[in-house]
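The block underneath contains the structure these notes are about, expressed in structure tokens.
Just follow the structure's listing: the first ligand is 1, and inside any ligand the first atom is 1. What's counted below: heavy atoms across the whole structure, side chains too, no hydrogens, waters or symmetry copies.
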Amino acid sequence: MCGIVGYVGREQAAPILLDGLSKLEYRGYDSAGMAVYDGQHINIQKTMGRLKVLSELTHDGATMPGCVGIGHTRWATHGEPSDVNAHPHYNEDQSIAVVHNGIIENYGDLKTKLEARGYHFLSATDTEVIAHLLDYYYKKCQYNALASISKVVSRVEGSYALGIIFVDQPEYVYSVRKDSPLIVGHGQGGNLIASDVPAVLKYTRDVYFIENDEVAMLSQDNIQFYNLDGEILEKESKHIDWDIHAAEKGGYEHFMLKEIYEQPKTVRDTITPRVSNGEIVIEELGMTDEEIRALKKIHIVACGSAYHTGVTSKYVFEGMARIPVEVDLASEFRYRNPILEEGTLVIVISQSGETADSLAALRLAKSRGVKTLGIVNVVGSSIAREADKVMYTWAGPEISVATTKAYSCQLVAQYLLAMKFAHVRRQITDTELASYLVDLEKLPNQIERLLSNKEKIQKFANRYSGAENVFFIGRGIDYAISLEGSLKLKEISYIHSEAYAAGELKHGTISLIEEGTLVVAVVTQEELYAKTISNIVEVRSRGAVVFSVTNDNNQAMESNADYITYIPRTNKYFTNSLAIIPLQLFGYYVSVCRGLDVDKPRNLAKSVTVE
Ligand code: G6P
């Protein structure tokens, strides 16, 4: 989704804005632009397409001199992707420029009112109302920027992170947010705003996380925070200790491949601090054994791949700890008036910690008075801050839109929780816990082993990169794995692909199977082998080509699949962590083979900050 940056300092702003925007590319966008104050005017350059088009247009920023500016990558919501809809947007006399991440829900009403007052709109965006509304209130508030920003914020409904510059206040960049991410970087000789930390890391590691309805006023040497009543706020900066290189490709062709290969380490980093002397210690959970025993129900709420980890966890929590689990897509949960009774724990899973629906679901759960736990990757993000408790996944920055390493870390974080709950609730013995731990701690090396064997998958991907339809099937946890395998393929290869519970095929989808259709069958659950194989037989007899992901030495598969990839043996609850590896590689190599933009697939965003 849209990314914003802003800079005020001693250096030329445009190259810094371009660099910052390049670190936000992962969020997904279709156009980009910058506004820079040149000593007299605010100049805007904006264009459809990738950042390199904007770089070319401005000769890497050289044609936009000035030390104060704001920049934007736009992921279209209101109005098609186009030059005119790209941000920044001006007010009527071009004395104010605005960039915006979020959605102004009442923009229609505001636009009608502004038009009645004589304002003219050039674009089809919701953002342009902010530029004109600011103009209106700036004049009404005797050119007091803070007062006019507060007025605007009191009139708009929806979500926003705004970057604003005024021609008659050329030494300042202003910013305010509600429900869209925003950070402020405290640099040497210059300060920055951005949607995410990587955009400022080249210039500073000292960062402020901005809360809803806080206004930041940045000048070259100073940063001041205000509430909407204009009162000064004291905020503490956080020192970011991860490295900029963590957000760079490091010799890999794509971020996605790099992130796939980082999984042994990140999975280990997520497990290790929580295992001590044969015990699982999750201090951040902040629950006593009595509270764990008193749990009556768990709701897992998330979007996209994070939701798929929740589907897996339902089998794990219910199977291991015997706690009833409901798994919901956050966009459904928030509008379905869920029954949340005492003794319920709501777990919200999110890589970014900023997904609008997941955040809204968390707030709903909190408003109903139940305990909430965030499983989050981005430290200090909104979900991490707002959940009662947060358990971090230690995946490090994930740049590729298609998640891999964060997904794997979310899985093991949930295994740890399930094992802890199962043990405390005496559903598993000390011996069983010890055996689960042995399997859990083996996972990083087993993932490594799978990754060292990628050539076979690469060849298979080359062969099937022209497929038009692919079906993923499995039962139980294998169905959950299929959901993610199918998503990985479709989101980056644009091949139509569906995941189906294998037993459900004959209720409709089997009619789509014809000669040569590729079916990926995930078969890791031993007690379900025979059942899934009978579904495989059904599709093969209708001409399907079957590629199976199954456990080492599963001889039952040999005569039942056209291609097989084996995963090392592990506990039945943990097979997702291994089976997903060949499926991630499959999606990746199909996309490469089709010559697509693997890390930035069309229409998709990494951080979905609008609903
Ligand atoms: C987007 C990303 C997915 C991610 C989903 C949820 O669709 O492309 O990779 O799974 O959002 O994001 P979150 O940050 O909440 O995990």
#### Entry: Within 6.0 angstrom of Lys371 NZ, more than 12 heavy atoms from elsewhere
no
### Task
Name all residues meeting the salt bridge (Lys or Arg N to Asp or Glu O under 4.0 Å) criterion together with Lys297; count only those two or more places apart in sequence or in a different chain, and write none if there are none.
Glu326
### Message
Below 3.5 Å, N or O to N or O, backbone or side chain included: is there any such pair between Val401 and ligand 1?
### Response
yes
### Message
Please report whether ligand 1 has a polar contact with Ser352, defined as an N or O pair separated by less than 3.5 Å (distance criterion only).
### Response
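Ser352 vs ligand 1: N/O contact under 3.5 Å present.
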### Task
For atom 12 (O) of ligand 1, grab the closest protein heavy atom and report residue, atom and distance to one decimal in Å.
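The closest heavy atom on the protein side is Thr355 OG1, 3.3 Å.
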### Query
Looking at atom 5 (C) of ligand 1, what's its closest protein heavy atom, distance included?
Cys303 O, 4.0 Å
### Task
With heavy atoms under 4.0 Å as the rule, classify the contact between Ala605 and ligand 1 as side chain, backbone, both or neither.
backbone
### Task
Using a 4.0 Å heavy-atom threshold (strictly under), name the region of Val608 that reaches ligand 1: side chain, backbone, both or neither.
side chain
Which of the numbered atoms in ligand 1 are under 4.0 angstrom from any heavy atom belonging to [X]?
{"X": "Ala306", "value": "10 (O), 16 (O)"}
{"X": "Gln351", "value": "13 (P), 14 (O), 15 (O), 16 (O)"}
{"X": "Lys606", "value": "1 (C), 2 (C), 11 (O)"}
{"X": "Ser305", "value": "10 (O)"}
{"X": "Ser350", "value": "13 (P), 14 (O), 15 (O), 16 (O)"}

### Task
Check step by step if salt bridge (Lys or Arg N to Asp or Glu O under 4.0 Å) holds for Asp357 and Arg334.
CA-CA 7 Å; Asp357 284 320; Arg334 63 184 291 194; 2.6 Å; yes
### Query
Could you walk me through whether Lys606 and Glu398 pass the salt bridge (Lys or Arg N to Asp or Glu O under 4.0 Å) check?
CA-CA 9 Å; Lys606 179 80 182 156; Glu398 193 180 59; 2.6 Å; yes
### Message
Filter on ring pair (Phe, Tyr, Trp, His ring centres under 6.0 Å), then keep only pairs touching residues 587-610, sequence neighbours left out; what's left?
### Response
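Pairs touching residues 587-610 that pass the test: His254-Tyr588.
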### Query
In terms of ring plane angle, is the pair Tyr107 and His78 parallel, tilted or perpendicular, where the classes change at 30° and 60°?
perpendicular
### Query
Parallel under 30°, tilted from 30 to 60°, perpendicular over 60°: which one fits the rings of Tyr436 and Tyr573?
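Rings of Tyr436 and Tyr573: perpendicular, over 60°.
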### Ser607 to ligand 1, any heavy atom closer than 4.0 Å
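The answer is no, since Ser607 has no heavy atom less than 4.0 Å from ligand 1.
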### Message
Name the residue from Ser180, Ser382, Ser381, Ser607 that meets the side-chain hydrogen bond (donor to acceptor under 3.5 Å, both in side chains) definition with Glu354.
### Response
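Of Ser180, Ser382, Ser381, Ser607, side-chain hydrogen bond (donor to acceptor under 3.5 Å, both in side chains) with Glu354 is met by Ser382 alone.
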